[in-house]
Structures are given as structure tokens and as C-alpha cells.
Trainee: 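Let me begin by handing over the structure; questions about it come next.
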Amino acid sequence: MEFHSDTPGKKEAIAMREKAIATSKNKPRHFAFSPRCFYGELMHSAVKIVTLLVLLMAHPSLSYAEESADSSRPISWFDTGKISFALLTFGVCATVIICTELARRGKPFYVRPIAGLLAMEEAVGRATEMGKPILFVPGIEDIKEIDTVAGLMVLSSVAKMAAEYDTPLEVPTSRALVMTAAREAVQAAALAAGRPDYYNEDRIYYVTDEQFGYVASVCGWMYREKPAACFFLGKFFAESLFLAEAGNAVGAIQIAGTAETTQLPFFVAACDYTLLGEELFAASAYLSGEPAQLGMLKGQDFGKLAAIILVLAGCVLATWDSISPRGKNTEGQNMPRRSQWITDTVLKGG
Amino acid sequence: MSKTVPVLIASLVGCLMIVAYFSPPLLPARQIAEDWFTIVATIAMLLGGANLCLHHVKKISDQEAGWGFSAVTLLSFFITIAVGILKVGVVPESEQQVKFAWSGPFQQEGSGFWWIYQYLFSPIVSTMFALLAFYVASAAFRAFRAKNVEAILLLVTALIVLVGQTRDREITSMFLPPPAEGVPTFIPIAFVTNFIRETFVTAGQRAIMIGIALGVVATSLRILLGLDRSYLGGDE
């Protein structure tokens, strides 16, 4: 609200404004995250986090601090050996946050199409047409693994599509915490799709923590129910090929994604679409279509640029070392290779 | 509020983990956070056990397809729990211990729980794992069909790597002159296999791993800043 000196009802308006300010000061402030007031929330959460960190640091159970105090040694709050890695981490994080903010302000960013993600709606549609269920496996690890969290983020999008088409979605989990999170995600997706009745918690259940017990249960379900679409997104180990081959045998369209490089070949061989490594982490942002999240993907690209520069610098230095070795120092010892500057200084602590 | 508190906890613990990596005095706090996770996960195990029972009881009562397997699962579940908790077959390990079966460890060799693990669980898991060989063969058969130039390259590379790791690889050195005494036999296909694995495979894997690392950073930031809360059920 703007106030000008020549406004006829200036006094009243000022009085109203002061009253409004006083009322807002007395009102309890509700803390809520919303992308609309990003900086305010960021500051608010940062203050809380810093306060809690300080409280934790002051906690007497921190034995390291106690030992340091006893020995009257100054406490080193920062491991200086990791300074270059800390700077790299900070740089990558800062780039990602800057790109997010630019995207929020309306700067358009191009994000390359990912075939596996484009095929998700096709897979759900196919299951709807065939009148068969969809299977979603969020990996076999606990929710503390980032791959599992990425899988659950995609589950939210898949569940929303499935709810819109009213196609049954089966989510067997191998960890109880993942089951709880998956239920929350599917319930919210059903609500977002305007179909709260779609949510059926009996379809999201815990099987077992045991790797092959889980495989036996899921494969058995696949052979009995013959799902039309299978999603394997999360952390997988030896069970990846069991699941993918079972899905292939029942003729399901399969979309898989994992950050486990050793399991990627199995998924590539047995599934229709595979999200390779980083694509799994980009999936949620890509499917959400929110500018802020797409901006984060662009921020990753700058990180890749930094990695390319470091790789090229390493190659140049290694080639230089092989063409002209550095020889020996005055004490007769071999001088360190030039490329060691990258590994021992720039990437130290990583 | 039901979503704000978990997001705050996730942000706090996530920041603590990052800061503790660079700040040694915070390492005990990081350990505390990890202990909290273990406690929460243990409590969730009870939830998982209860859910397992309810799920299979429902399947049996509804006579769904495969309900017989549910019956076997429940039976095995309760028998294993009973044998473990009651420490069936456990004996005190030394004279100093109280002479009751309860004083010995439940996983003791010769106990009922040990027997179930050794003679039921372990063979079943080994059998499942052995099946992997057939699945690999089936997947390889489809993947290595020489449909185009890329598939032919893949097929040839796979054959080289496969033969290079078997005993038959020594056939490739039969046509070479015998090595001097004390010098190991040069096996060409083993050399090519190592070259492929150490150069092409490692380079490809590292490229993927760099992408994964950056993806992890971006995803973690989305979670720490509360931008993406779909894993918790989205916005309120």
C-alpha cells in the first residue's frame, strides 16, 4: 500500500496501517515452507538450523570437545585439509541455488528430453488399457539412501498418473520406513489427482528386509498378476536382474533407474527404458515441471562443466608429466607428479 | 505442520551431516543422528512386522491368488520368532554363566535359531542366487543379438571379456613362441580384456559416477531446502 502526502484520508490510512502492523506482530507466526517466499523461509530455517547446531555443539555429550577442553588445546572447528573440497562443494551448491532462483524469476532453461521419463505416461496408459496393475519397486535399501528418496519422488508422479486413470498401483517394499513414506506419497498423489478414494494402503506393503526373500515375493506376484507396467527406481543389487527378467517374461513395459553402476547393464539388457545414474535424480524435477526444480537441473550442468575442466586439466598435466618428468629435488628425492596437484590438492578430502 | 516438522528435521540432520564432514568436533553429533535413525528404523521394524501379518492374514481370509504362500510365510515368521525369543536349544557357554538356557546367545551354534538359519534359510537364499546364472544367460541372449553395428560391437566386446576371464583364454597364447624361463606366459586375450576393463569400462563408469554425484548434490539440496517434498506426500 502506497501513501502520499496529498491523500485525503492520510491520517486514517496511517492509523489503519499501524493497527495492521500491531495486529500482525501479536499474531502467532506459522512457519510453512512454500516456494513463493523462498528467501524468507530459507532465512527462517537457516536461523533454526544454526541455533540447533550451536545447541548440539554445546552439548556435554560431545566427547571430542570435552577432550580438547581437558587438554587445553584450541579446538579446530574446520578441517583445513578439506578446504579445497569444501570450496568445490560450496561452488556447486551455490550454482545450483543461483540457477533455481533464475528459473524462478522466469529465465527459460532447456532441459533435454529423457526417453524413460517421457515413456512413463505411456506405461501407465498401457496398463489402463489392458486393465492390469502397475508395479513400483523403490529399491531394497532404506530411506536414508538418496536413491530410495529419488525413487519415492518418482512414485509420487506415477501414483498421480495412476490415480487419474484409476489403475491399481502395487508397491511392495523391503523396509518398513520406506513403506510408510510410500503410503504418504501415494495418498498425497491421490488427493492431488482429485481421487482420494483411489488410495488403498493394502497395496503398499512391507515384504521383508531379506534381499532374496523380497525378490521371491515380488517375482511371484508378477507371475501371478501379470502387471502391464513395472517401475524399478531406487537402489538395487543382485536382485535387479531377477525383477527385470520376471517383468520381461510377463510382457510388461519396464522402466528402471538406479545409481548403482554395476546394476545398470542388467537393467539396460532387460528393460525397455533405463534412467542412467543422474537421470534418476533428475526424474522428479523433470516430471514436476516446476521452474525452480528444472533450474536445479541446469545448475548440475555447471557442476559437470567444472568436472570436465578438472578432467581436461588432469589429462594435460598427466601428459606433461609423461613427456617431461619433473626429475629430483635438491635432496635427491623424486618430485611429485604435476597431476598430483589435482588429486592431492584440489580434490583432497573428497 | 505434519509436513513442516519432518522437513525441518530432514534439513537439520542433513546440514549437520554436511557440516560434520568438514568440522571434526561435530562428528559425535553426527553419530548421535545416525543412532537416532537406527532407533527410528528399529521401531519401524515393529510396524513392518505388524503390516506383514495383517497383509498375509487378509490374503488368506480373502483366498487371493497365492494365499497358500501367505500361510507358509506366516507360519515360518511365527516359528522363527518363537525359536529365537525362547532360545530353543541354547546352552550356557561357560561355568561362570547362570545355568539357564536364557544366558546363552540366541545365535549360538547348535541352537534352534542357528539350525533354521543354517539348514533352511541359507540353502534357500543360495538357491535363489544360483538362479541368477540362468537369468544372466537369458538377458545376454537378448542383449547380444547382432541387429546393428552397435549390437555387433557389444557382442564382440562381450565375447572377448567373457573368454578373457575363463581358463580357455590360454588357447590364444598357443600360437606364440614359448616365453623365456621365469617370464610369465603372455595371454593376448587376457591383455585385451584388461585393456577394455581398465580403459573403456572405467572411463564410462567414472563419467556416470560424476553425473550421479552431481545429481545427489542437487537432490539433496532440493530436500534440504524443502523444495521437493513429494517423498513425504507433497505440500499440505
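Everything quoted here is computed from the prediction, not taken from an experiment. Sequence lines set the chain letters: A, B, ... in the order given, protein chains first and strands last, and positions in each chain run from 1.
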Trainee: Give me the ring orientation class for B:Phe129 and A:Phe212: parallel if the planes are under 30° apart, tilted from 30 to 60°, perpendicular past 60°.
Mentor: perpendicular

Trainee: Can you say whether B:Phe144 sits under 4.5 Å from chain A via the side chain, the backbone, both, or neither, judging by heavy atoms?
Mentor: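 Answer is neither: B:Phe144 stays 4.5 Å or more from chain A.
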
Trainee: Check the angle between the aromatic planes of A:Phe242 and B:Tyr135 and answer parallel, tilted or perpendicular using the 30° and 60° thresholds.
Mentor: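 If you compare the ring of A:Phe242 with that of B:Tyr135, the planes turn out perpendicular.
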
Trainee: Between A:Ala244 and chain B, with a heavy-atom cut-off of 4.5 Å, which part of the residue counts as in contact: side chain, backbone, both or neither?
Mentor: neither

Trainee: Please flag which part of A:Ile83 lies under 4.5 Å from any non-hydrogen atom of chain B: side chain, backbone, both or neither.
Mentor: neither

Trainee: Please determine, among A:Glu201, A:Glu210, A:Lys304, the option with the most heavy-atom pairs under 4.5 Å with chain B.
Mentor: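 When all of A:Glu201, A:Glu210, A:Lys304 are compared, A:Glu210 has the most.
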
Trainee: Please classify the contact of A:Ala86 with chain B as side chain, backbone, both or neither, using a heavy-atom distance under 4.5 Å.
Mentor: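 Contact with chain B: backbone and side chain both.
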
Trainee: Using heavy-atom distances under 4.5 Å, tell me whether B:Val125 contacts chain A through its side chain, its backbone, both, or neither.
Mentor: both

Trainee: Is there a donor-acceptor pair closer than 3.5 Å between any side-chain N or O of A:Asp79 and the backbone N or O of B:Phe22?
Mentor: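 No, because the side chain of A:Asp79 does not come within donor-acceptor range (under 3.5 Å) of the backbone of B:Phe22.
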
Trainee: Measure A:Asp209 against the heavy atoms of chain B and call it side chain, backbone, both or neither at under 4.5 Å.
Mentor: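 For A:Asp209, the contact with chain B is made by the side chain alone.
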
Trainee: Heavy-atom cut-off 4.5 Å, strictly under: side chain, backbone, both or neither for A:Gln300 against chain B?
Mentor: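 Interface part for A:Gln300: both.
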
Trainee: Which region of B:Ile210, side chain (C-beta onward) or backbone (N, CA, C, O), has a non-hydrogen atom less than 4.5 Å from a non-hydrogen atom of chain A, or is it both or neither?
Mentor: side chain

Trainee: Is it true that a side-chain atom of A:Lys82 and a backbone atom of B:Tyr21 form a donor plus acceptor pair closer than 3.5 Å?
Mentor: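 Indeed, once roles are kept as given, a pair shorter than 3.5 Å links the two residues.
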
Trainee: Under 4.5 Å heavy-atom distance to chain B, tell me which part of A:Arg183 shows up: side chain, backbone, both or neither.
Mentor: side chain

Trainee: Please state whether the side chain, the backbone, both or neither of A:Met179 comes within less than 4.5 Å of a heavy atom of chain B.
Mentor: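 Only the side chain of A:Met179 comes within 4.5 Å of chain B.
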
Trainee: Grab the two heavy atoms, one from A:Ala285 and one from B:Arg222, that are nearest each other, plus how far apart they are.
Mentor: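 Closest approach of A:Ala285 to B:Arg222, heavy atoms only: CB-NH1, 3.7 Å.
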
Trainee: Which bit of A:Asp202 comes within less than 4.5 Å of chain B, counting heavy atoms only: side chain, backbone, both or neither?
Mentor: both

Trainee: Quick one: closest heavy-atom pair of A:Tyr206 and B:Leu52, and the distance?
Mentor: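 Looking at all heavy atoms of both residues, the closest pair is O-CD1, 4.0 Å.
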
Trainee: What part of B:Ile223 lies closer than 4.5 angstrom to a heavy atom of chain A: side chain, backbone, both or neither?
Mentor: side chain

Trainee: Taking everything shown except A:Phe78 itself, do over 12 heavy atoms lie less than 6.0 Å from its CZ?
Mentor: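 More than 12 within 6.0 Å, yes.
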
Trainee: Is it the backbone or the side chain of A:Thr180 that comes under 4.5 Å from a heavy atom of chain B, or both, or neither?
Mentor: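 Only the side chain of A:Thr180 comes within 4.5 Å of chain B.
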
Trainee: Flag the pair A:Glu245 and B:Arg142 as a salt bridge only when some basic side-chain nitrogen lies within less than 4.0 angstrom of an acidic carboxylate oxygen.
Mentor: yes

Trainee: Against chain B, work out which of A:Ala182, A:Ala150, A:Ser284, A:Gly299 has the most heavy-atom pairs shorter than 4.5 Å and name it.
Mentor: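 The residue among A:Ala182, A:Ala150, A:Ser284, A:Gly299 with the greatest pair count is A:Ser284.
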
Trainee: Is chain A contacted by the side chain of B:Asn51, its backbone, both, or neither, given a heavy-atom distance below 4.5 Å?
Mentor: side chain

Trainee: Is A:Val268 close to chain B through its backbone or its side chain, or both, or neither, when contacts mean heavy atoms under 4.5 Å?
Mentor: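 It is neither, since no heavy atom gets under 4.5 Å.
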
Trainee: Passes salt bridge (charged side-chain N to carboxylate O under 4.0 Å, His left out), A:Arg224 versus B:Glu64? Steps please.
Mentor: CA-CA 10 Å; A:Arg224 283 192 299 274; B:Glu64 281 182 31; over 6 Å; no

